[in-house]
Novice: 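Quick one: the structure is below, and I'll ask about it shortly.
Below, read A as the first sequence line, B as the second, and so on, with proteins coming before strands; counting in each chain starts at 1.
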There are 2 protein chains.
Amino acid sequence: MARTKEFNEDQALDKAIEIFWHKGYNGTSAQDLVTHLGLSRSSLYDTFGDKQKLFAQSLLRYQKQSQDQVIKLLDESENVKETLHDIFKQAIIESLEDRITKGCFMVNSSVELAMHDEEIAKIVKNNSQTMEEVFTKAVQKGQTAGHISKATDARVLARFIFNNYSGIRVLARTGERDKQVYDDIVKALFSIL
Amino acid sequence: MARTKEFNEDQALDKAIEIFWHKGYNGTSAQDLVTHLGLSRSSLYDTFGDKQKLFAQSLLRYQKQSQDQVIKLLDESENVKETLHDIFKQAIIESLEDRITKGCFMVNSSVELAMHDEEIAKIVKNNSQTMEEVFTKAVQKGQTAGHISKATDARVLARFIFNNYSGIRVLARTGERDKQVYDDIVKALFSIL
DNA sequence: AAAAATACGGAACAATCGTTCCTGAATTAA
DNA sequence: TTAATTCAGGAACGATTGTTCCGTATTTTT
């Protein structure tokens, strides 16, 4: 009956993530999207609705991708403290390697849109809660195994870890390229785990 | 020779800070500025140049205001650890009280503009360096006085403090209203000082 | 082969963007 | 008083915004 799409929807979403991540919501124009996604205006609007909906779908996809990665690493980990350390090391590498410093798409979107767009606010809130749960369970696992100090409540540590993660991603967004600054923060953070 | 200005330039800048802080640079239109500052278009452009210049001036004024406050508190402090604690408590109060959650103007601007506007990038970088110095000296002072542990290098702790400050301001921007979340972070942070 | 459905490219939309300019009134210093 | 300067207000600028629509091409199912 119908013609098939010539582009892959998920690949297009990945392109949308790239440009929204780099330029933000208000900084990305419809023309930017057409150019970067390689689609026509009509295909773009037929497929994704409008700019706001495309942004929300992009952010959801990004969230799922990054959450899944962290969850998998922590689930499979036999030393949670080491794995958490690896996660931070990876974030630092990404911050230093990216020639265009994009920071974290979720953090960027929180700051730019959370208070102006209810749908984005929900995604951000859901992300925070999920990450808090993931980190809390991981810390508990580490405390049981004896890799992480039991001196502080697991949820407190989880919130603390998440807060430092946000901070580091802001730092990356500012264009900080001195590895020592990142390393100092991680060093201090892990001194209390 | 000339008619005197009927408005106070600094007061107008304060109004500009308010709206840029709330809506961001791209989210604030020229009409928003005219309405909120209570000036005519012509007066606004004659006085401040253009939107970008007005934004930069606003951010500089905000930076000076908040830096001066922190520096004064820490300079006059006899117990730096307590004063740092007060500074965080104050940030939490502001985060919870603000009906419209604005976060931190400097953090917001970093995320939105630092990588796209060189002038803003310079302001942000200068702010980070200054705050790092201020915190470093404060921590040294606290270590000498015996209020802060000497186990960790002062600069490392300073960067760590600043990172958690950024994180908390992002949290505020996401609209988090649970005081316990903020308190947990501060509790964990001060457990290593 | 015919018919149905959709992708495509691009023209075109009204609205808003930041900015400039013009008007006439108001105020000041010479 | 005169000349200079700045005020407020609004019209108007071209450019860009997000979005819609249309004609054509293409593919799939009947």
Side-chain angles (χ1 to χ4, degrees), chain A residues 1-60 105 108-109 112-113 116-120 123, chain B residues 1-60 108-109 112-113 116-120:
Chain A
M1 302 256 290
R3 182 176 170 184
T4 53
K5 277 193 200 305
E6 292 188 3
F7 63 92
N8 180 291
E9 202 162 317
D10 282 341
Q11 284 176 4
L13 267 185
D14 285 336
K15 296 267 192 186
I17 289 174
E18 274 183 16
I19 191 161
F20 277 136
W21 190 352
H22 176 48
K23 296 188 154 197
Y25 178 79
N26 285 311
T28 304
S29 69
Q31 185 55 47
D32 287 336
L33 291 167
V34 168
T35 304
H36 198 77
L37 270 65
L39 302 184
S40 66
R41 277 176 142 64
S42 44
S43 300
L44 204 156
Y45 275 84
D46 283 350
T47 309
F48 299 107
D50 57 20
K51 185 182 166 185
Q52 196 277 345
K53 282 176 189 156
L54 174 55
F55 186 90
Q57 288 176 66
S58 303
L59 187 58
L60 277 173
F105 188 26
N108 299 353
S109 305
E112 186 185 5
L113 296 177
H116 300 294
D117 185 314
E118 256 193 65
E119 188 176 2
I120 305 300
I123 296 174
Chain B
M1 304 241 315
R3 183 174 170 183
T4 52
K5 277 194 199 304
E6 293 189 2
F7 62 93
N8 180 290
E9 205 162 313
D10 283 340
Q11 283 176 3
L13 268 186
D14 284 336
K15 296 268 192 185
I17 290 175
E18 275 184 16
I19 193 161
F20 277 135
W21 190 352
H22 176 46
K23 295 188 156 195
Y25 179 79
N26 284 313
T28 303
S29 68
Q31 184 54 48
D32 287 336
L33 291 167
V34 168
T35 303
H36 198 77
L37 270 67
L39 302 184
S40 64
R41 274 176 145 68
S42 43
S43 300
L44 203 156
Y45 275 85
D46 283 349
T47 308
F48 299 107
D50 58 19
K51 185 181 165 185
Q52 197 275 345
K53 282 177 190 154
L54 174 56
F55 186 89
Q57 290 177 64
S58 303
L59 188 57
L60 277 173
N108 299 352
S109 304
E112 185 185 4
L113 296 177
H116 300 295
D117 185 314
E118 257 193 63
E119 188 178 2
I120 304 300

Novice: When the distance from NZ of K23(B) to P of dG18(C) is rounded to whole Å, what number comes out?
Specialist: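 Result: 11 Å.
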
Novice: Expressed as a whole number of angstroms, how long is the span from F48(A):CZ to dT20(D):P?
Specialist: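 One finds 16 Å between P of dT20(D) and CZ of F48(A), rounded.
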
Novice: Do F20(B) and L54(B) have side chains that approach each other closer than 4.5 Å (heavy atoms only, starting at C-beta)?
Specialist: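 SC-SC contact between F20(B) and L54(B) confirmed.
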
Novice: Would you please classify the geometry between the F55(B) ring and the Y25(B) ring as parallel, tilted or perpendicular, with 30° and 60° separating the classes?
Specialist: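 If you compare the ring of Y25(B) with that of F55(B), the planes turn out perpendicular.
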
Novice: What's the CD-P distance between Q31(A) and dC13(C), to the nearest Å?
Specialist: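 My rounded result for the distance is 18 Å.
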
Novice: Under a 3.5 Å distance rule, please check whether E112(A) uses its side chain to pair with a backbone N or O of N26(A) as donor and acceptor.
Specialist: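 Side chain of E112(A) to backbone of N26(A): a pair is present.
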
Novice: Using atom CG of D50(B) as one end and atom C1' of dC13(D) as the other, report the distance to the nearest whole Å.
Specialist: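 Computing the D50(B):CG to dC13(D):C1' distance gives 17 Å.
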
Novice: Tell me, with the steps shown, if K23(B) and I19(B) meet side chain to side chain contact (heavy atoms under 4.5 Å, CB included).
Specialist: CA-CA 6 Å; K23(B) 295 188 156 195; I19(B) 193 161; 4.2 Å; yes

Novice: Given atom CZ of F55(B) and atom P of dG18(C), what is their separation to the nearest angstrom?
Specialist: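 F55(B) atom CZ is separated from dG18(C) atom P by 13 Å.
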
Novice: Once you round it to whole Å, what is the distance between C1' of dT19(C) and NZ of K53(B)?
Specialist: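 Distance, rounded to whole Å: 12 Å.
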
Novice: Regarding S29(A), tell me which of base, sugar-phosphate or nothing describes its non-hydrogen contacts under 4.0 Å with the strands shown.
Specialist: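 Contact class for S29(A): sugar-phosphate only.
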
Novice: Rounded to whole angstroms, how far apart are CG on L44(B) and P on dT19(C)?
Specialist: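 Atom CG in L44(B) sits about 10 Å away from atom P in dT19(C).
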
Novice: Both N26(B) and L39(A) contact DNA chain C. Which one's nearest nucleotide lies toward the 5' end?
Specialist: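 Upstream on the strand: L39(A).
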
Novice: Could you work out which one of dC8(C), dA8(D), dT20(C) sits closest to the side chain of S43(A)?
Specialist: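 When the side chain of S43(A) is considered, dC8(C) is the closest of dC8(C), dA8(D), dT20(C).
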
Novice: From C-beta outward on S40(A), which listed nucleotide comes closest to its side chain: dT19(C), dT20(D), dG9(C)?
Specialist: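 Of dT19(C), dT20(D), dG9(C), dG9(C) is nearest to the side chain of S40(A).
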
Novice: Take the protein atom OH of Y45(A) and the nucleotide atom P of dA11(C), then report the distance between them rounded to whole Å.
Specialist: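 It is 17 Å, rounded to the nearest whole Å.
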
Novice: Among dG18(D), dG10(D), dA8(D), which is the nearest nucleotide to the side chain of R41(A)?
Specialist: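 Closest nucleotide to the R41(A) side chain: dG18(D).
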
Novice: I want to confirm an ordering. Mapping K51(B) and S42(B) to their closest nucleotides on DNA chain C, which one lands closer to the 5' end?
Specialist: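 So the residue in question is K51(B).
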
